[in-house]
Amino acid sequence: QVQLVESGGGLVQAGGSLRLSCAASGRTFGSYAMGWFRQAPAKEREFVAAISWSGGSTYYADSVKGRFTISRDNAKNTVYLQMNNLEPEDTAVYYCAADYRGVRTVIHGTSAYWGQGTQVTVSS
């Protein structure tokens with residue numbers, strides 16, 4: 001059983017930065033691949049970024065490459081999403097996800113565990 005709680009969302013101006021955190025509880029957090037998804041109103045949930053259990057491999061959607069960075073600190077049971085040069089199109093609810101089956105499962109949106117989400121709003 002894994003519980004995920006996102007934080008760090010808010011309102012920022014275009015070009016600004018925001019850092020999201022996902023705090024996880026569970027005895028095997030260190031062995032879980034992790035990721036971030038986002039969902040805007042009237043749109044499907046969209047893959048944003050993922051990271052392997054060790055942190056050695058990262059993956060990004062083309063729309064965020066060069067602007068977003070995913071990282072994790074297993075000692076703190078936390079995964080982060082550093083978002084720079086934000087655009088209005090980044091406005092969405094951001095969800096973290098985790099799965100022991102690996103990063104590919106996370107990327108495909110079929111993670112076993114999901115957080116409640118945190119709102120990110122980027123103004124023009």
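Start at 1 with the first residue, then count along the sequence.
Cation-pi geometry between Arg72 and Trp53 is not satisfied (NZ or CZ under 6.0 Å from the ring centre, within 45° of the ring normal). With Tyr80 as the aromatic partner, Arg19 meets the cation-pi criteria of under 6.0 angstrom to the ring centre and within 45 degrees of the ring axis.
The stretch residues 91-107 participates, sequence neighbours left out, in these salt bridge (charged side-chain N to carboxylate O under 4.0 Å, His left out) pairs: Asp99-Arg101. Among residues at least two apart or in separate chains, disulfide (SG to SG under 2.5 Å) pairs with a member in residues 76-124 are Cys22-Cys96.
Taking the centre of each ring, Tyr95 and Phe37 stay at or above the 6.0 Å mark.
Side-chain contact between Phe47 and Trp36 is absent, with no heavy atoms from C-beta onward closer than 4.5 Å. Between Asp90 and Arg38 there is a side-chain heavy-atom pair separated by less than 4.5 Å. With contacts defined as side-chain heavy-atom distances shorter than 4.5 Å, the pair Ser71/Gln82 does not qualify. Counting only heavy atoms from C-beta outward, the side chains of Val12 and Thr121 never approach each other to under 4.5 Å.
For the side chain to side chain contact (heavy atoms under 4.5 Å, CB included) test with Val48, the passing option among Ile70, Leu20, Leu81 is Leu81; the others fail.
Nearest heavy atom pair, residue Ala98 against residue Ser111, reads O-CB, 3.4 Å.
Taken to the nearest 0.5 Å, the OG1 atom of Thr69 stands 11.0 Å off from the CZ atom of Arg67. Atom CD1 of Ile51 sits about 10.0 Å away from atom OH of Tyr59, to the nearest 0.5 Å. With rounding to the nearest 0.5 Å, the separation of CD in Gln119 from CD in Glu6 is 12.0 Å. If you take OH on Tyr94 and OG on Ser7, they are separated by 15.0 Å, rounding to the nearest 0.5 Å. The CE atom of Met34 sits 9.0 Å away from atom CG of Asn74, with the distance rounded to the nearest 0.5 Å.
The 12-atom threshold is exceeded at CD of Glu87, counting heavy atoms of other residues, nucleotides or ligands nearer than 6.0 Å.
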